[in-house]
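Data first, discussion second: the structure below is written as structure tokens.
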There are 2 protein chains.
Amino acid sequence: MSSLLPPSTEGTPPASGGAATVTPAFSPLYQQIKGLILHSLQHGEWKPGEAIPSEIELAARFRVSQGTVRKAIDELAAENLVTRRQGKGTFVATHAERQVQYRFLKLLPDAGDASEEGPAQRTILECRRLRASADMARSLALRAGDSVIQIKRILSFVGVPTILEDIWLPGQAFKGLTAEQLAHYQGPTYAMFELDFGVRMVRAEEKIRAVLPDETQAQWLNVPAGTPLLSVERLAYTYNDVPMELRRGLYRTDTHHYHNKLN
Amino acid sequence: MSSLLPPSTEGTPPASGGAATVTPAFSPLYQQIKGLILHSLQHGEWKPGEAIPSEIELAARFRVSQGTVRKAIDELAAENLVTRRQGKGTFVATHAERQVQYRFLKLLPDAGDASEEGPAQRTILECRRLRASADMARSLALRAGDSVIQIKRILSFVGVPTILEDIWLPGQAFKGLTAEQLAHYQGPTYAMFELDFGVRMVRAEEKIRAVLPDETQAQWLNVPAGTPLLSVERLAYTYNDVPMELRRGLYRTDTHHYHNKLN
DNA sequence: GAGTGGTCTAGACCACGCG
DNA sequence: GCGTGGTCTAGACCACTCA
């Protein structure tokens, strides 16, 4: 019935005053609805953990059928931006949920189950402001010289130091972040980012290599020099593919391994 | 309207005539349809690359609406078992397609694009029959002592040896596999498995570690002893979660990196 | 123009969670 | 018992491909 974007002439005029684009850029209604919901998520109309309006409400709001809203939400759910719970509603996804904690951490113990280990113990080694190098700026879509926060920390499992991590965050978005905050917050760091800074990490990409640690790194991880380690370089994004964190981890793989499912 | 499996006799009553199972194991119609299509795929009713019947045909065959078939196929497509092409039909997925070649290989060149490198050159070092060890048997769901084929090979990119791989296959399913076949087949090895042995790899899991090569390994890969390498242990499955291949690769990560997307 | 997958609707009913 | 998401249907129309 109605339509909302480029291809349309009645419910909302097309406004295609531009040049003759080769691709008319047909966009199905449910994609447009998805965009609208995404916009609301992005602008905090509903907070992480909260329920979004029911499908029927959204259908009424956007003047489309429930089925169309459903398909939009289906895609958001597939991208982990939202979580459906039958009988209860649809909820804004959060890194604080018990079930999907450490969603981005693929390191598993060789023996037993991650749940046996319990959560990682964090040791903050460093937390300071600095100016972005050219490289750093490019990765985080900043300008060279912009403020950046660097964090260095160790994650230990059952007392064994296993991950040595450097984290870089755009200073702008994380004003006032302190080492204490990082050390004392219970739960995933990404959950704290949501709560205290309104920054939601939505997806990430990792580049993995095998490397040898330098002396200092070997000491922090309590391994002999010459022990091969996994270098995991992660770029994490918020909405709209905006990069918000660069992380470089050194993983011990003598007791753990990086686990990946391929489909 | 109709239904096909456990929960039903016709209108679709709950059918709780058995012991008091705590979970009635409700299975939606489209899941049952999915199972039926899966069964046909598994038993080769349609070969890799071929089109399966249209949604309308399948709907008629199973006596359900097109929408129900659609949802079943949607899931199969999401699992990469089938590929939809608007205007043409739905096709049995294959590892031989140009687009998704090397679906399971996550190693990318640091600079440039994988397409620039072109396909890997294969050097077969070994291809022999042996008896499964206890470990091997457990991984491949065989009995210790069952026949296993072991392949050792090198993959080179633009002439540079980059991956040293050991592959173990259940001898039963790969009778008659030869080193020549492995060396001369154009295209992904998994495509050859489909064509010559009717074995389709559907998903896989990898365990990744950083390791140091022994002398022989270092020589094959043409790297100095002490060069850290990625150890990638892959277990690949056919339909029904049946393991069909165990693979252990040593990846050089001085010019390449393992790339992973996290959602 | 015929056939295929893709979108959209409207309505009925089901499973689930909670009060 | 109500509200939510989940399933199923039937039918109309759209976009794409190919002969």
Side-chain angles (χ1 to χ4, degrees), chain A residues 1-11 22-35 37 46 50-60 62-78 82-93, chain B residues 1-8 10-16 21-35 37 46 50-78 82-93:
Chain A
M1 246 312 145
S2 67
S3 52
L4 304 146
L5 279 182
S8 138
T9 24
E10 50 124 352
V22 185
T23 310
F26 163 75
S27 171
L29 230 200
Y30 76 88
Q31 285 287 2
Q32 304 175 34
I33 302 299
K34 181 184 169 189
I37 298 176
W46 318 295
E50 282 183 15
I52 73 174
S54 75
E55 295 179 351
I56 294 174
E57 277 180 82
L58 290 172
F62 299 129
R63 313 294 206 84
V64 299
S65 79
Q66 186 184 353
T68 301
V69 171
R70 167 172 294 279
K71 183 140 191 188
I73 295 180
D74 278 347
E75 293 211 347
L76 294 171
V82 116
T83 303
R84 322 191 72 146
R85 278 178 232 156
Q86 186 175 146
K88 301 183 71 176
T90 301
F91 299 78
V92 182
Chain B
M1 241 330 152
S2 66
S3 53
L4 305 145
L5 279 181
S8 139
E10 51 125 357
T12 318
S16 59
T21 46
V22 185
T23 311
F26 163 75
S27 171
L29 229 200
Y30 77 87
Q31 285 288 1
Q32 304 175 35
I33 302 299
K34 182 185 169 188
I37 298 176
W46 319 295
E50 281 183 14
I52 72 174
S54 75
E55 295 179 352
I56 294 174
E57 277 180 82
L58 290 172
R61 179 199 296 196
F62 299 130
R63 313 293 207 83
V64 297
S65 79
Q66 186 184 354
T68 301
V69 171
R70 168 172 292 277
K71 183 140 192 188
I73 295 180
D74 277 346
E75 294 211 347
L76 294 171
V82 115
T83 302
R84 321 190 72 146
R85 277 178 234 157
Q86 186 174 149
K88 302 182 71 173
T90 300
F91 298 79
V92 182

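A, B, ... follow the sequence lines: proteins, then strands. Residue 1 opens every chain. Computed over heavy atoms, backbone and side chain alike; hydrogens, waters and symmetry mates excluded.
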Nearest-angstrom distance from the residue atom CZ of B/Phe26 to P of D/dG5: 17 Å
So does A/Lys71 get a side-chain nitrogen or oxygen closer than 4.0 Å to the phosphate oxygens (OP1/OP2) of C/dT7? yes
Just jot down the salt bridge (Lys or Arg N to Asp or Glu O under 4.0 Å) partners of A/Glu75, sequence neighbours excluded, or say none. A/Lys34
Name all residues meeting the side-chain hydrogen bond (donor to acceptor under 3.5 Å, both in side chains) criterion together with B/Thr83; count only those two or more places apart in sequence or in a different chain, and write none if there are none. none
Between P on D/dG5 and CG on A/Leu76, what's the gap in Å once rounded to a whole number? 13 Å
How many Å lie between CD on B/Gln66 and C1' on C/dG5, as a whole number? 8 Å
Please report the distance, rounded to the nearest Å, between CZ in B/Arg63 and P in D/dA10. 12 Å
Determine: side-chain N/O of A/Arg70 to OP1/OP2 of D/dG6, distance under 4.0 Å, yes or no. yes
Residues which pass side-chain contact (heavy atoms from CB on, under 4.5 Å) with A/Ala77, listed by chain and number, not counting sequence neighbours: A/Val82, A/Arg84
Whole Å only: how far is the CD atom of A/Glu75 from the C1' atom of C/dT7? 12 Å
Starting from P on C/dT9, measure out to CD on A/Glu55 and report it in whole angstrom. 13 Å
Base, sugar-phosphate or nothing for B/Arg85? Non-hydrogen atoms, less than 4.0 Å. sugar-phosphate
Could you tell me the separation between the OH atom of A/Tyr30 and the P atom of D/dC14, rounded to a whole number of Å? 17 Å
C/dG5 phosphate, OP1 or OP2: any side-chain N/O from B/Thr90 under 4.0 angstrom? yes
Between C/dA10, D/dT4, D/dC8, which one does the side chain of B/Ser65 approach most closely? D/dC8
Among the nucleotides C/dT9, D/dG5, D/dC8, which one has an atom lying closest to any side-chain atom of B/Pro28? D/dC8
So does A/Ser27 get a backbone contact from the side chain of A/Gln32, meaning a donor-acceptor N/O pair under 3.5 Å? yes
Report all side-chain donor-acceptor pairs from residues 65-73 of chain B shorter than 3.5 Å, counting only partners two or more places apart or in another chain.
unit_1: B/Ser65; atom_1: OG; unit_2: B/Gly67; atom_2: N; d: 3.4
unit_1: B/Ser65; atom_1: OG; unit_2: B/Thr68; atom_2: N; d: 3.4
unit_1: B/Ser65; atom_1: OG; unit_2: B/Thr68; atom_2: OG1; d: 3.4
unit_1: B/Gln66; atom_1: NE2; unit_2: B/Glu55; atom_2: OE1; d: 2.9
unit_1: B/Arg70; atom_1: NH2; unit_2: B/Glu55; atom_2: OE1; d: 3.0
unit_1: B/Arg70; atom_1: NH2; unit_2: B/Glu55; atom_2: OE2; d: 3.4

Taking only residues two or more places apart in sequence or in another chain, which ones pass side-chain hydrogen bond (donor to acceptor under 3.5 Å, both in side chains) with B/Arg61? B/Glu45
Dump the pairs, protein N or O against N or O of nucleotides 17-19 of chain C, anything under 3.5 Å, distances to one decimal.
unit_1: C/dC18; atom_1: OP1; unit_2: A/Lys88; atom_2: NZ; d: 3.2

B/Arg84 side-chain proximity, nearest of C/dT9, C/dG6, D/dG6: C/dG6
Distance (rounded to the nearest 0.5 Å) between B/Phe91 CZ and B/Arg85 CZ: 5.0 Å
To the nearest angstrom, how far is B/Asp74 atom CG from D/dT7 atom P? 12 Å
